[in-house]
Every structure is written in C-alpha cells, then in structure tokens.
Trainee: 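The structure follows.
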Amino acid sequence: MHRYRSHTCGALREGDIGDTIRLSGWCHRIRDHGGVLFIDLRDHYGLTQVVADPDSPAFKLAEKLRAEWVVRVDGKVRRRPEGTVNPDLPTGQVEVYAAEIEVLGPAAELPMPVFGEQDYPEEIRLKYRFLDLRREKLHSNIMLRGRVIDSIRARMKAAGFFEFQTPILTASSPEGARDFLVPSRLHPGKFYALPQAPQQFKQLIMVAGFDRYFQIAPCFRDEDARADRSPGEFYQLDLEMSFATQDDVFNAVEPVIRGVFEEFGKGKAVTPKFPMIPYAEAIAKYGTDKPDLRNPLVMQDVSEAFRGGGFKIFARILEEPSAHVWAIPAPGGGSRAFCDRMNSWAQGEGQPGLGYIMFGEGTEPGSARESLVKAFGKVGLDVDYEGEAKRVSGRGPLANNIGHERTEIIRKQLNLRAGDAVFFVAGKPKDFYKFAGAARTKVGEELNLIDKDRFEFCWIVDFPMFEWNEEEKKIDFSHNPFSMPNYPVEDFLALDSNDKDTLLSIMAIQYDIVCNGIELSSGAIRNHRPEVMKKAFAIAGYPEQVLKEKFGGMLHAFELGAPPHGGIAPGIDRIVMLLAGEENLREVVLFPMNQRAEDLLMGAPSEVTAKQLRELSIRVDLPKK
RNA sequence: GGGGGCGUAGCUCAGUUGGUUAGAGCGCUGCCCUGUCACGGCAGAGGCCGCGGGUUCGAGUCCCGUCGCUCCCGCCA
C-alpha cells in the first residue's frame, strides 16, 4: 500500500465496494451526529464521504478533526445504505468506513472557509490565496486556464507555428507603457527593462528567417489596473508570420480563437465568421473601437433632422461644420421613467443631460385625448401623425420643439415603433463618441437587450496611422509606430509633413480582435522598410537620431534583408476570463497582485537591504509626504 | 493624479428622525444527537462601529479630515 493513498478522492465507485483502500485529503466538511460522524474528504480530484462510528478505532480521532485538516484515512469501501445515496457526487454511491486515521497536516482556525460559495473581501482572498485556490470555483478556473493554454499550443503547432523563448531582461523601450526597470550591478547607473511584449524580438525572429513564431509570452507593464487589466504582468498568445498579409494573419488566428471558444465555451454560440469593421464605422455605429456586438443597438447620424430645426440647442451646435447629432435607439424604452433614469445617469457621467423622444401609440379617433391633441397640437403639447400600422406619436420636449415631420424622419430612419425611445448626443463626434458608446451600452443593459449566451467576435480594421495632438499642435502616432501604413511606399515617402489632412487620412495595416466588448488583442502588418519607418517617425516629429537610438537594433536588422511580416497577440488572461464567465482577471490568475500592484501573499514589493542597494549603486530618495 | 461606492464580531450583513446594555447568519468553544451531505438542538466566547477631529446633554448614525478596499477616468504602442 502506498504511504498516502491507493485512490484519489474522486475515484471510488460501486466496483470498489468491499476493497480496503487508503485516501489522503482535506477535511472539507464534517457532520458530527454524535453516534455517527461524516467527513467529506477532498482532494484535487473530488470528494469522498468517510464514515466513522463508535465501533471504529478511528472514531476518537475523527471527533477531533476540523475543517481543512489534511489526513490519511484507511478503510473499507461500502455501499451507502438505501436512501442515503448522493446523486450530486460521482462517488455518491459509496462511502469509506474509517478504520484508521492519521493527521498529516492540522489546520488552525481559518481566516476564510474553503467550503461554501460566500464572497470574501479581496484583501483576505489575496493574502490567503492558497485557501481561495482550494475553493471549487477558483480551482476549476485555474484548471480551465491550463487546458485552454494546452489547446492553444496544440492548435498553433498544428498550424505550423513554432514556440520560441525570448529574453525577460531586455532594454527599455520609449514607446507605450511605463517599463518595469531592473538595475544592473555590472553597469552602475544602467537598467534592464522587463519586456512590455516581445515585440522587437519576434520581429527579429522573422528577420532571422524562422517564418512562424508563437509564444505564451509574459508581458510586463507598469500601468494602473482595471478589472480586465492586471497590474504589472499578464500573458499573451504572441505570434508573428513572415510573408504575410492581413488576410493571412486573420486566417491563421481566427480558427485558433474560434476553436478554443467552441471547445471551452460550454455550448455558447461563437461567431462563425468574424466580421471586419473599419475603425471609423465602429466609432460611428457603436461609439467605441471595442464594440459589444451582443448589444443589437446601432447608432445613426440624424444631424439633418435637427439642422435649422426648432430645437435651438442642437440647431446652434450644428452651425459648427464638424458637429453632428447622433441617435441611440432604445426599443422598448419609451417610458417617462426609463428616459428620466437615462437622463440622470447621463448627468452622473458629467453630461448636461440626455435628450430623448419617446414614441407612444396614437390616440383613438373621438377619444378625449384626441380632442386635446386637436386643441393643443399646434402649440406643441403633443405631436400626432400616421404610423405604418398604428398611429404613433413622438412625445417629450424635443419632439414638441422640432415638430412632427422631423420627428417622423428620425423615427423612420431608426425604424422605431410605439413604446420605443431614442436618445441624442450632439457636438463634435471626437468629443462625445465615448459617452455615446457608454449610453448605447447603458440602454442595452437597462433594456435587457444583451444576449449573454453568445461570444460575438469581430475584427476592427483600418486604424488611422496618425492622429492630431491638440495640446502639442503636432501629429502623433495613433497606435503603433511599427505598423505599415496602408499606402504605396513611393507615395508615402513623398508625403508633405505639413499636409495634415492627407496625413490624418492614412490608415495603418493594423487590427484588433474584439469579443463581447473586450479587446482581446491588437496586431499589425509591420513596417519593415527602414526608409518608410524613418519617414513615419519624421512625420510624428522624431528625428532619425531618436529612431536610431531607441530602435537601432531593429532598424539595422531591417537594413540587412527583412521579410514583410506581421502578427498579433491575443491576451490569454482575457480569453480565459471570458471562457470562465468571470468579470475580473484575478479570478483566472493563480497569484494575482491587488489593484495597487501588491502581492499580499509574498509581500511584494518589499524593501531591500542596504547591501543590495550598494551593490547596485542605488540610493533611495523617497518622495516627501 | 482625479471621481464614485464601501468600511459595524474571524467572515457576510442589519442597525429607524441622533437616545438605555450594538444585533442576525456563518465560523469558533463546550454539551447533546447513529444516516448526514448547507445535518439538527442547547449554551457560550467574540466589538476602539477603520482612524483622528468637530457638532451635540448624548454620535455606529450628522459634519470635516485621513487611511484602507473596490470600480471607473487619466494611463495602457
């Protein structure tokens, strides 16, 4: 017999009845009936009920056991008496009659129970992460994560990708997020940086001729946390392909992502073919470059219905040429209570309010209401007109102000019916689109329009290469300076750096994958032509000297025979989060840090000794409080 | 860096217009209980009401400050 166990706690079945066996595990739950005592013994594999009664020599010790003690139990497998079978347990047909119990690891009183589903404060959960990880939900999330990564690896290898390791100690890069720095002992005053992503390495791997790279890559960024963004470190499925177009990348990645979501998505529908949505269209329809397509609402431009109309606030805004009015439909939202709720929500978001029109069924001929409408309609108490099937009237102050013809134009354009509402945002789209997107999400949530049982994917494409930095009055890179502009090389090289309009219209061959409103990844066909790179940096106001200093290694590599290449890097943590149905990354990471980037279990970050600092030629100069 | 929410027993929470001795469930300790699987019953321990200041005859409750947790904005190629 093995020192600790002959079976795991999830193994015993009817076929084992009569056998003498040995189990080890945690005392999950103990039910002491005085004369008979039950212990649910738990390990990684499952739960087995152990029974002790006064006839057993193990009984005295069994009475002393407490939750989460680790014990070894020897005993005989027996059939549970009639009526006491537990169909919820795979081992529920049998139980182990304890003959001998050995305590392998006693436990003091627990700061949080392992048993049960009750929520606990993050601080305690993180400090006692090993206890939290014993709990069923977190334990299975972590196992899911492992299986997802296995599946991704297998799919990537089957698609002809090869896995590489890249350095963890590397050079600080000037673009993007704040770096984590590691001081060098051998080079006083100099620092390594942890990679924000293996971006330059994977491009160099392509230059080195390896053709198809992937890695489950750790990435380090010293930025503030969010629910869907771990502070400090996270993992990406990082991949890169040589001689690849955007379509090639999509065709390589989409089946991997779709396959993983179909495999682990518990039957939820997965988008069969990811639609491609241009960045500008995503902003216009959804108010964000990461739209949740489970939300069916699509915004529309209704500027013309307000231009020169009776609603003076909007009419005046529209006198500015770049101003627009966007409409957010709210099917089923045509009640005063709902529109008021949305209005106060908007005020909570720092907006002056949220204009709306409600649509109600028209009045019946001869009704008291109709006579009121007849009497007061012209002075704007109500507006009434013929709908397609029913008489539908637009209601609320806006409808009254713009009159029924304009109201009807909006209603027809958005295909709204009685009982619906529509909300409006006005101004310069670049100032209000985020709020409009938030309003679209809010309406979708409030009206229960979001189908939670789907994974809705899309590609966002055609990102602008540059954007206007109003503060510094200059052109900036919009997203990634390493993306290839979607522009003929000769024409790009000939661009006038002062031709703002042309420059801002240039797209980069860059793309995102979005699922259910979460950005899973960002990628691009890279700019592998040194002269194009120099030109792009010059447009963004960086002299060639800066480019050489910061990206000299890669620039040099591109001067010695670089293949066209591109890739993408889906976030592993976010994929697992979606598959596990969790709202927070910490639920799918083994040992996460808290929102202030502290590891409460290991006590990181921590002070170090004076000797360590001396070796590194570092003197600490704390900020004054 | 900024904003919102929260902070009462080990944990989850209740606590009335400010008013005697601050409660419940889970957990813990002891006793009882031979078929439970969220076992049940009885008894008990456990509280600087985050911290500091203020208003008041009186503060868990109202005000100011501060700290902590959390969510969001900024930030995140």
Side-chain angles (χ1 to χ4, degrees), chain A residues 28-42 47-56 59 63 66-68 78-89 91-92 95 97 107-128 131 173-179 195-197 199-200 219-232 234 345 348-350 434-435 438 463 465 467 476-483 508 510 512 519 521-524 526-527 536-537 540 550-551 569 571 583-584 586 594-596 598 600 625:
Chain A
H28 187 61
R29 190 80 174 153
I30 297 165
R31 294 175 296 279
D32 186 352
H33 290 238
V36 62
L37 179 150
F38 302 96
I39 303 162
D40 290 335
L41 200 65
R42 182 197 75 236
L47 220 59
T48 299
Q49 175 165 283
V50 174
V51 191
D53 66 28
D55 297 335
S56 160
F59 187 69
E63 281 187 303
R66 292 293 178 266
E68 295 308 303
R78 66 187 195 191
R79 185 182 301 279
R80 291 200 189 191
E82 187 133 0
T84 65
V85 164
N86 185 345
D88 297 333
L89 287 181
T91 61
E95 62 191 14
Y97 182 68
E109 190 184 339
L110 302 168
M112 59 175 281
V114 172
F115 174 82
E117 295 282 313
Q118 195 176 20
D119 281 339
Y120 278 80
E122 199 82 44
E123 197 175 353
I124 289 181
R125 294 182 57 197
L126 291 174
K127 187 167 177 188
Y128 299 97
L131 287 182
S173 114
E175 286 296 323
R178 210 172 286 117
D179 283 318
Q196 294 182 23
Q199 181 66 33
Q200 293 189 62
C219 303
F220 306 92
R221 296 177 192 176
D222 187 6
E223 295 295 343
D224 289 348
R226 287 286 182 283
D228 63 351
R229 200 168 80 204
S230 300
F234 60 96
W345 168 81
E349 297 285 300
K434 279 185 186 167
F435 168 68
F463 281 84
M465 181 86 191
E467 65 186 13
D476 270 348
F477 286 113
S478 186
H479 292 89
N480 186 334
F482 303 115
S483 303
Q510 185 173 334
D512 283 0
E519 182 190 314
S521 66
S522 203
R526 318 298 172 186
N527 186 343
F537 274 74
K550 301 302 184 185
F551 306 106
E583 300 280 325
N584 195 302
R586 288 188 289 269
N594 67 9
Q595 203 173 18
R596 295 180 55 205
E598 297 164 324
L600 298 176
K625 261 283 177 182

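None of the values given here were measured: they were computed from a predicted structure. By convention in this document, chain letters (A, B, ...) are assigned in the order of the sequence lines, proteins followed by strands, and residues within each chain are numbered from 1.
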Trainee: Going by the angle between their ring planes, with limits at 30° and 60°, are A:Phe115 and A:His28 parallel, tilted or perpendicular?
Mentor: perpendicular

Trainee: At less than 4.0 Å, is any side-chain N or O atom of A:Arg31 found next to OP1 or OP2 of B:C39? Yes or no.
Mentor: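 Result: yes.
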
Trainee: Applying salt bridge (charged side-chain N to carboxylate O under 4.0 Å, His left out), name anything that partners A:Arg66, two or more places apart in sequence or on another chain.
Mentor: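 Testing A:Arg66 for salt bridge (charged side-chain N to carboxylate O under 4.0 Å, His left out), a comparison that skips the adjacent residues, returns none.
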
Trainee: Does any donor-acceptor pair link the side chain of A:Arg80 with the base of B:U36 at a separation under 3.5 Å?
Mentor: yes

Trainee: Holding to salt bridge (charged side-chain N to carboxylate O under 4.0 Å, His left out), I want the full list of residues that pass it with A:Arg79, two or more places apart in sequence or in another chain.
Mentor: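 A:Arg79 satisfies salt bridge (charged side-chain N to carboxylate O under 4.0 Å, His left out) with A:Glu14 only.
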
Trainee: Applying a 4.0 Å non-hydrogen cut-off, can you work out what A:Leu89 is touching in the nucleic acid: base, sugar-phosphate, or nothing?
Mentor: nothing

Trainee: When we call it a touch if two heavy atoms are under 4.0 Å apart, what does A:Glu95 touch: a base, just sugar-phosphate, or nothing?
Mentor: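 Answer is base: heavy atoms of A:Glu95 come under 4.0 Å of a base.
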
Trainee: If we only count heavy atoms from C-beta on, is the A:Arg31 to A:Gln49 side-chain gap below 4.5 Å?
Mentor: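 They are in side-chain contact.
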
Trainee: Scan A:Arg596 against the nucleic acid and name what it touches under 4.0 Å (heavy atoms): base, sugar-phosphate only, or nothing.
Mentor: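 Sugar-phosphate, backbone atoms only, no base.
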
Trainee: Test for a donor-acceptor pair under 3.5 Å between the base of B:C75 and the side chain of A:Arg229, counting only N and O atoms.
Mentor: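 Such a pair exists between side chain and base.
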
Trainee: Reckon A:Arg78 touches a base, only the sugar-phosphate, or nothing at all at heavy-atom distances under 4.0 Å?
Mentor: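 If one applies the 4.0 Å heavy-atom cut-off, A:Arg78 turns out to touch a base.
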
Trainee: Nearest to the side chain of A:Thr84, which nucleotide is it out of B:U29, B:C37, B:C39?
Mentor: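 Closest nucleotide to the A:Thr84 side chain: B:C37.
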
Trainee: Generate the contact string for nucleotides 1-8 of chain B. Rules: B means base contact, S means sugar-phosphate contact only, - means no protein heavy atom under 4.0 Å.
Mentor: B-------

Trainee: Do A:Asp40 and B:C37 have a side chain to base donor-acceptor pair shorter than 3.5 Å?
Mentor: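 Answer no: no donor N or O sits under 3.5 Å from an acceptor.
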
Trainee: Between B:G25 and B:G40, how far apart are the P atoms? Round to whole Å, please.
Mentor: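 That atom pair is separated by 12 Å.
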
Trainee: Quote, to the nearest angstrom, the C1' distance that separates B:G46 from B:C62.
Mentor: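 Rounded to whole Å, the distance is 30 Å.
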
Trainee: Going by ring centres under 5.5 Å and near-parallel planes (under 30°), is A:His33 stacked on B:C39?
Mentor: yes

Trainee: Using the C1' atom as the reference point in each nucleotide, state the distance between B:A14 and B:G23 in Å, no decimals.
Mentor: 7 Å

Trainee: When we call it a touch if two heavy atoms are under 4.0 Å apart, what does A:Arg125 touch: a base, just sugar-phosphate, or nothing?
Mentor: nothing

Trainee: Any side-chain N or O of A:Lys434 less than 4.0 Å from the OP1 or OP2 oxygen of B:G74?
Mentor: yes

Trainee: Once you apply a heavy-atom cut-off of 4.0 Å, does A:Asp32 come out as touching a base, just sugar-phosphate, or nothing?
Mentor: base

Trainee: Evaluate the side-chain proximity of A:Ser478 to A:Phe463: yes if any heavy-atom separation is below 4.5 Å, no if none is.
Mentor: no

Trainee: Across the strands shown, which category fits A:Asp53 at heavy-atom distances under 4.0 angstrom: base, sugar-phosphate, nothing?
Mentor: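 Result for A:Asp53 = nothing.
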
Trainee: Who are the side-chain hydrogen bond (donor to acceptor under 3.5 Å, both in side chains) partners of A:Asn86, not counting sequence neighbours?
Mentor: none

Trainee: Go through the structure and list residues passing side-chain contact (heavy atoms from CB on, under 4.5 Å) with A:Val36, not counting sequence neighbours.
Mentor: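 Expected list: A:His33, A:Phe38, A:Val51.
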
Trainee: Say you pick atom C1' in B:C28 and the same atom in B:U20; how far apart are they, in whole Å?
Mentor: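 It works out to 30 Å between them.
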
Trainee: Need one value for A:Arg29: base, sugar-phosphate or nothing, where a base atom within 4.0 Å counts as base even if backbone is also close, heavy atoms only.
Mentor: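 Sugar-phosphate contact only - A:Arg29 comes under 4.0 Å of backbone atoms but never of a base.
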
Trainee: When all nucleic acid strands are considered with a 4.0 Å heavy-atom cut-off, which category describes A:Ala524: base, sugar-phosphate, or nothing?
Mentor: nothing

Trainee: B:C69, B:U34, B:U36: which one has an atom nearest the side-chain heavy atoms of A:Glu598?
Mentor: B:C69

Trainee: Dot-bracket, 5' to 3', for RNA chain B please: Watson-Crick or G-U pairs under 3.5 Å, [ ] where pairs cross earlier ones, | where the partner sits on another strand, dots elsewhere.
Mentor: (((((((..((((.....[...)))).(((((.......))))).....(((((..]....))))))))))))....

Trainee: Look at the side chain of A:Arg226 and the base of B:G74, then say whether one donor and one acceptor between them are separated by less than 3.5 Å.
Mentor: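 Counting by modelled atom types and ignoring angles, a donor-acceptor contact under 3.5 Å is found here.
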
Trainee: Base, sugar-phosphate alone, or nothing: which one does A:Asn584 contact when heavy atoms must sit under 4.0 Å apart?
Mentor: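 Answer is sugar-phosphate: A:Asn584 comes under 4.0 Å of backbone atoms only.
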
Trainee: Please determine whether any donor N or O and acceptor N or O are separated by less than 3.5 Å between the side chain of A:Glu82 and the base of B:G35.
Mentor: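 No, no donor-acceptor pair under 3.5 Å.
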
Trainee: Contact class for A:Pro111 vs. all strands (heavy atom < 4.0 Å): base, sugar-phosphate, or nothing?
Mentor: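 Contact class for A:Pro111: sugar-phosphate only.
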
